[in-house]
Number of protein chains: 2
Amino acid sequence: MTVPRVAVTVDLVVLTVREQRLCALVWRRDRPPYAGCWSLPGGFIQLDEDLPVAASRLMAERAGLRDVRIHLEQLATYGYPDRDPRQRVVSVAYLGLAPDLPASSRAQVLWRAVDDLVEREEAAFDHRRILRDGIERARAKLEYTSLAAAFCPPEFTVAELRRVYEIVWGTSLDPRNFHRKVTGADRFLIPTGRTTTRDGGRPARLYRRGDAEQLRPPMLRPRT
Amino acid sequence: MTVPRVAVTVDLVVLTVREQRLCALVWRRDRPPYAGCWSLPGGFIQLDEDLPVAASRLMAERAGLRDVRIHLEQLATYGYPDRDPRQRVVSVAYLGLAPDLPASSRAQVLWRAVDDLVEREEAAFDHRRILRDGIERARAKLEYTSLAAAFCPPEFTVAELRRVYEIVWGTSLDPRNFHRKVTGADRFLIPTGRTTTRDGGRPARLYRRGDAEQLRPPMLRPRT
DNA sequence: GCAAAAGTGTTTCCTTTACACCCATGT
DNA sequence: ACATGGGTGTAAAGGAAACACTTTTGC
């Protein structure tokens, strides 16, 4: 029996919060197929390369995010036969959550607000759907994990963390209840002892990420 | 640039509850590699075949579960280079939840308790890890979705549904609070009007699955 | 002093938990 | 009658939501 072989790619949904919006890293395509559309950064895996290794390599090569600790997790795999018009490609998507960093120096790679990408701009391949799945995964994970801190710089205030939740979810949260909840969660936030007044008002304590993965009790999204 | 191509398989983690235990459908290997070990049912995708279609096809061909409505969802993709000693294989795992049905007529395919598979018996390839991931996904999904009913026959009682939770989670649940919770959840259970005494005692109302996907509020696992 | 944002206390509501108790059948 | 499991009522505990209030800075 002869086994069919297909090309396997890793595509990256890299999200960040910048300028009060949830943004994704995209590639501006200047040649066919889908010239003029946006696509997710990604590329073919190498024959001796594990999938997470490929994702990290492409994060550096294609997204320009080298030597940065970014949360990376597998999202899903997309493989319907005609998703790439050139050949059969099975794509393993990874989700990355990053603080607000300058992306690649290449002009082709840029941060774009996800609302615009999903609702207004033309996507290449099935990347609109992959992006949507990544956004939904990120939104859901903020509820019961401590991943929101992955969007923050190394030191951050409770209010900055709250703004992450508000921007990713598109809701507003009570600052007082939020404060109590996150500071009460075990190993979520480690106080550094320092404070900042960069947001105005009374000085806010600075924290860094704790080693908790789960957030219990969970931070539930307000239901409409 | 020449693109490396790899073989892509779909592997199935098919779970059911039978004889008071959580069981998985496995293949008893009689030839190398890994002769004598168990492996998950699966096979190579065809060149013109979407991944969920391949999963359904293999569910019929390799698992013997034809014409049965089984919940099927993508689990994860496994692709480290030497996971198959013969060639590079990337495997997309699917998770299936089935009621207690006779599996294939082939003697090679059988239901086995997952505890034995994970803890005692030798697994082929990385199938132990894939099975573990599937079990954990199933356990987590019972909390906030209505998937537990996928383990039940078309008509079932609240107590039978509760036993599903207890067996999958390995915990015991208060029958009275469980009853209130699942009968109160919107569109989870549809009363058929019939009753049964198959479990003894007072007749229990029979229900069938409603069309709810989410379970709100969630049914939380008791914490140790 | 005043504005602004951080952080605490308190009350109300709702969910969860634990368990007493009644209900409807088979034997 | 009584054993067995199905199903309801209820009170106590704990978390969530709403919001009054105090604290500490910049200007």
Side-chain angles (χ1 to χ4, degrees), chain A residues 20 142-144 146 148 152 155-167 169 171-186 188-208 212 214-224, chain B residues 20 142-144 148-149 152 155-167 169 171-186 188-208 212 214-224:
Chain A
Q20 314 285 18
L142 291 205
E143 290 201 303
Y144 55 93
S146 57
C152 294
E155 296 205 349
F156 54 92
T157 67
V158 171
E160 287 160 359
L161 184 66
R162 176 168 49 82
R163 258 160 242 138
V164 165
Y165 276 90
E166 291 178 329
I167 290 165
W169 285 348
T171 61
S172 66
L173 299 171
D174 185 295
R176 296 154 295 186
N177 292 334
F178 182 88
H179 186 281
R180 207 192 336 264
K181 186 140 195 172
V182 297
T183 53
D186 192 41
F188 186 8
L189 301 180
I190 313 277
T192 63
R194 284 183 288 281
T195 60
T196 181
T197 55
R198 61 192 177 213
D199 295 328
R202 169 176 168 177
R205 293 200 261 262
L206 284 164
Y207 296 87
R208 52 188 180 77
Q214 301 296 309
L215 182 57
R216 278 213 306 262
M219 176 84 60
L220 298 174
R221 277 181 267 193
R223 304 290 173 193
T224 50
Chain B
Q20 315 285 21
L142 291 204
E143 291 200 304
Y144 55 92
C152 294
E155 295 204 351
F156 54 92
T157 68
V158 170
E160 287 161 358
L161 184 66
R162 175 168 49 83
R163 259 160 242 138
V164 165
Y165 275 90
E166 291 178 329
I167 292 165
W169 285 347
T171 62
S172 66
L173 300 170
D174 185 294
R176 298 156 294 187
N177 293 334
F178 182 88
H179 187 280
R180 207 189 338 261
K181 186 141 196 171
V182 296
T183 54
D186 192 39
F188 186 7
L189 301 180
I190 312 279
T192 64
R194 285 182 287 281
T195 62
T196 181
T197 57
R198 62 192 177 212
D199 294 328
R202 168 175 167 179
R205 292 200 262 263
L206 284 164
Y207 296 86
R208 54 188 178 75
Q214 299 297 308
L215 183 56
R216 279 209 312 257
M219 175 86 58
L220 297 174
R221 276 181 269 193
R223 305 289 173 192
T224 50

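Values below: every heavy atom of this structure, side chains too, minus hydrogens, waters and symmetry copies. To find a chain, count down the sequence lines: A is the first, B the second, and so on, and within it residues start at 1.
- To the nearest 0.5 Å, atom CZ of residue B/F156 and atom CZ of residue B/R198 are 10.0 Å apart.
- Residues satisfying the ring-ring contact (aromatic ring centres under 6.0 Å, His included) criterion with B/F178, sequence neighbours excluded, are B/Y165.
- For the side chain to side chain donor-acceptor pair (under 3.5 Å) test, residues two or more places apart in sequence or in another chain that qualify with A/R176 are A/D174.
- Listed by chain and number, the residues in a salt bridge (charged side-chain N to carboxylate O under 4.0 Å, His left out) with A/R221 are A/E136, A/E143 (sequence neighbours excluded).
- In 5' to 3' order, the nucleotides of DNA chain D bounding all contacts with chain B (an atom under 4.0 Å from a heavy atom) are D/dT4 to D/dT10.
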Q) Reading nucleotides 17-27 of chain C from the 5' end, what letters show protein touch, with B for base, S for backbone sugar-phosphate only, - for no heavy atom under 4.0 Å? A) BBBBB-BBB--

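- Listed by chain and residue number, B/E155 satisfy the side chain to side chain donor-acceptor pair (under 3.5 Å) test with B/R194 (two or more places apart in sequence, or in another chain).
- Every residue meeting the side-chain contact (heavy atoms from CB on, under 4.5 Å) condition with B/T183, not counting sequence neighbours, appears here in chain and number order: B/V158, B/H179, B/Y207.
- In terms of the side chain to side chain donor-acceptor pair (under 3.5 Å) criterion, A/Q214 has no residue partners (sequence neighbours excluded).
- A residue-by-residue look at A/T183 and A/D199 shows that A/D199 has its nearest nucleotide of DNA chain C further toward the 5' end.
- Scanning for salt bridge (charged side-chain N to carboxylate O under 4.0 Å, His left out) contacts around A/R180 gives an empty result, with sequence neighbours left out.
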